Amino acid sequence: MKIDDEKVYLSEFDFLYSNIGKYNDCSKDEYFHYFSRYKLKAFDAKRLGLDKKLDKAVKDAVRKEIESTSSISENSTDASLIYLLTYRVPQNEDTDCGLEFMNEVYLKLKSGIKVDDICYAISDERFLCEEIHNKDYILDEVESELCKCNKAGFSRPFKSPEGIHILINSNSDISRCNFENCVDDILLALQWDKYYNENLKKYSDGDLKDFFEENKKKYRWEFPHFKGAVIHCKNKKAAKRIRKKIKRQPIENWKGIIERMMNDNPDYDALVDVGLFQIGENAYIDKLVFKCGEYKTLEDYPYIFTVGKCLDYMPENYKDVYDVIIQDYYIEHEDAYFDDLERNFKVEKYIDVLKTVNSDGSN
C-alpha cells in the first residue's frame, strides 16, 4: 500500500503477521484490515504531532515487549526470509514464455528493485510469491537451489515440474529493519489510541438517541421482552402499597424507592428484580406476563406481582440496548474517521498482492 505517497512494503506486513501473534488466527486478507489501520494511526499520530511526545523509556519498554512476544528480535542473526517466486507453467506447455517472464523479473531484482515493488506491478494470475517456512515439503529443485543461494541473495530462474522459479533468500537485516520500524510505529499507534480515547471517543445522550432513531430497525429483537420489575412481598398490603408508590415513577427510581420504604418500615420488606427481561429468562415474568411456564413461590415472600410494560420485539429507546448502541456508535464513528484519513492521506491499497503470497509453503 501507499500512504501519503510513502510505500508500505509487503515485508513489513509479513513481519507483523508472522511474529506479533495477536492476529495469527486471521487470514492475511482479514489481517490487512488491522494492519492498514495500524499504519494509518502511526501516520495520523505524526500529523497530530504526537511523535514529539515519544519517551525513550516507553520506547525501550515497547521494544522489550515485542521481543518477548515475537519470534524475531533485533539481535536475530539467523532469521532469514525465504521467498519463492513462481511463474506456473503446465507440464504440457512450452516453458519459453515462462523463462522470458522470469528473466525480466530476475533483471529487475538485479537492478535493485525490491521484490514488493515487483509484486505490485504483476497482475498475471500465473505468478505466485510464496514465503517458505517449512522446508520439509519443498520441491527437490527448490531445495537444490536453496543450498546454492548465499545467505542473502537470489537465484537465476530455474525449472521444476510446476514452472519457472526464482528463489530469494533475504538475511535478517530486513527483519531488524522491520523490527526497528515496528517499535516506532507501535509506539505512535499507542499514542494515537490514547489521544483518540481522550479527545475523539466522546458522545452525549443526544448523540446516542439520534443514532438509535436512525438505526432503529437494526435493534429489533428476535424474542419478546418485558421492561419492568418482578417484586416478591411478605403480604398483600405491602404489595399494594409498593405498587402504588412506584407506579408513576421512572423505572430507574423503583429500586431506591422500595429500599427507602423498607428502611422506614420493615413491613415493606421485599425482593426486587428490575430490568429488561427476554422471554425465557425469568420464570416469574414468563408466567405472569407471557403466560407460559411455571414458578415456585418463595416461602418468606408469597405475594408476587409485576410492574412494567411489554415491548414485544422493539426497544423503547436507546437505553434498552445501551451496551450494543455504544459499541455500534464507536464502530461507525471510528470507521468514518479512518475513511477520512484514507482520503486525506491519499491511500492506495494493492489488495491483489496478498493473493500472490502463500505463507504456508504450499501451492
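Here the structure is a predicted model, which is why all the values come from computation and not from measurement.
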Yes or no on side chain to side chain contact (heavy atoms under 4.5 Å, CB included) for Val142 and Ser160, after CA distance, side-chain angles and deciding distance?
-> CA-CA 8 Å; Val142 175; Ser160 85; 5.6 Å; no
Considering residues, nucleotides and ligands other than Asp5, do more than 12 of their heavy atoms fall under 6.0 Å from its CG?
->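 It does not: Asp5 CG has 12 such atoms or fewer within range.
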Arg156 atom CZ, neighbour heavy-atom count above 12 within 6.0 Å =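 No, CZ of Arg156 has 12 or fewer neighbouring heavy atoms, counting only those of other groups under 6.0 Å.
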Audit row: Phe127, Thr86, side chain to side chain contact (heavy atoms under 4.5 Å, CB included) steps and yes/no = CA-CA 6 Å; Phe127 181 77; Thr86 301; over 6 Å; no
Pairs touching residues 238-258 that satisfy ring-ring contact (aromatic ring centres under 6.0 Å, His included), sequence neighbours left out =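 Checked against ring-ring contact (aromatic ring centres under 6.0 Å, His included) - neighbours excluded - no pair reaches residues 238-258.
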Contact list for residues 287-326, test ring-ring contact (aromatic ring centres under 6.0 Å, His included), sequence neighbours left out |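 The answer is Tyr284-Tyr295.
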Check for a donor-acceptor pair, side chain of [X] on one end and backbone N or O of [Y] on the other, with a separation under 3.5 Å.
X: Glu281; Y: Gln278; answer: yes
X: Ser144; Y: Asp140; answer: no
X: Asp4; Y: Glu6; answer: no
X: Lys255; Y: Glu252; answer: no
X: Asn215; Y: Phe211; answer: yes
X: Thr95; Y: Gly98; answer: no
X: Asp286; Y: Gly280; answer: yes
X: Ser155; Y: Ile166; answer: no
X: Asp207; Y: Tyr203; answer: no

Check against side chain to side chain contact (heavy atoms under 4.5 Å, CB included), Leu99 and Lys159 = CA-CA 8 Å; Leu99 276 170; Lys159 297 180 183 180; 3.6 Å; yes
Tell me the closest heavy-atom pair linking [X] and [Y], and the distance in Å.
X: Pro161; Y: Glu141; answer: CD-OE2, 3.5 Å
X: Tyr38; Y: Ala189; answer: CD1-CB, 4.0 Å
X: Asn235; Y: Asp267; answer: ND2-O, 3.9 Å
X: Phe345; Y: Leu40; answer: CD1-CD2, 4.0 Å
X: Tyr83; Y: Cys129; answer: CD2-SG, 3.8 Å
X: His225; Y: Phe223; answer: ND1-O, 2.8 Å

Does the pair [X]/[Y] count as a salt bridge with the N-to-O cut at 4.0 Å?
X: Asp335; Y: Arg37; answer: yes
X: Glu316; Y: Lys309; answer: yes
X: Asp328; Y: Lys218; answer: yes
X: Lys234; Y: Asp300; answer: no
X: Arg126; Y: Glu93; answer: yes
X: Glu334; Y: Lys201; answer: no
X: Lys287; Y: Glu294; answer: yes

Rounded distance [0.5 Å steps], [atom1] in [X] versus [atom2] in [Y]:
X: Ile168; Y: Leu85; atom1: CD1; atom2: CG; answer: 4.0 Å
X: Asn317; Y: Ile325; atom1: CG; atom2: CD1; answer: 10.0 Å
X: Lys110; Y: Asn103; atom1: NZ; atom2: CG; answer: 11.0 Å
X: Leu84; Y: Glu162; atom1: CG; atom2: CD; answer: 8.5 Å
X: Lys28; Y: Phe35; atom1: NZ; atom2: CZ; answer: 11.0 Å
X: Lys227; Y: Leu311; atom1: NZ; atom2: CG; answer: 6.5 Å

Lys194: side-chain hydrogen bond (donor to acceptor under 3.5 Å, both in side chains) partners, not counting sequence neighbours |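 Lys194 satisfies side-chain hydrogen bond (donor to acceptor under 3.5 Å, both in side chains) with no residue once adjacent residues are dropped.
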Indicate, with yes or no, if [Y] and [X] share a hydrophobic cluster defined by side-chain heavy-atom contacts under 4.5 Å among Ile, Leu, Val, Met, Phe, Trp and Tyr.
X: Leu271; Y: Phe226; answer: yes
X: Val289; Y: Ile242; answer: no
X: Ile285; Y: Val272; answer: no
X: Ile246; Y: Tyr268; answer: yes
X: Ile257; Y: Val230; answer: no

Would you please test Gln327 and Ile331 for side chain to side chain contact (heavy atoms under 4.5 Å, CB included) and show each step?
-> CA-CA 6 Å; Gln327 185 179 13; Ile331 289 172; 4.1 Å; yes
Aromatic rings Tyr34 and Tyr31: how do their planes relate, parallel, tilted or perpendicular, breaks at 30° and 60°?
->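 Rings of Tyr34 and Tyr31: tilted, 30 to 60°.
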Relative to each other, are the rings of Phe13 and Phe32 parallel, tilted or perpendicular (30° and 60° limits)?
->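 Rings of Phe13 and Phe32: tilted, 30 to 60°.
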Can you tell me which residue pairs pass the side chain to side chain donor-acceptor pair (under 3.5 Å) test with a partner in residues 337-348, sequence neighbours excluded?
->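 Counting only pairs at least two positions apart or across chains, the side chain to side chain donor-acceptor pair (under 3.5 Å) contacts touching residues 337-348 are Asp44-Tyr337, Asp340-Arg343, Glu342-Lys349, Glu348-Tyr350.
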Are Phe338 and Trp192 an aromatic pair by the rule of ring centers under 6.0 Å?
->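 Yes; Trp192 has its ring centre under 6.0 Å from that of Phe338.
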Axial cation check for Phe43 ring with Lys46, 6.0 Å and 45° limits |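 Cation-pi check for Lys46 and Phe43: passes.
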In chain order, what residues pass the ring pair (Phe, Tyr, Trp, His ring centres under 6.0 Å) check against His333, with sequence neighbours excluded?
->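 His333: ring pair (Phe, Tyr, Trp, His ring centres under 6.0 Å) contacts with Tyr329.
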Residues in ring pair (Phe, Tyr, Trp, His ring centres under 6.0 Å) contact with Tyr87, at least two apart in sequence or another chain |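 Scan of Tyr87 (ring pair (Phe, Tyr, Trp, His ring centres under 6.0 Å), adjacent residues dropped) gives Phe101.
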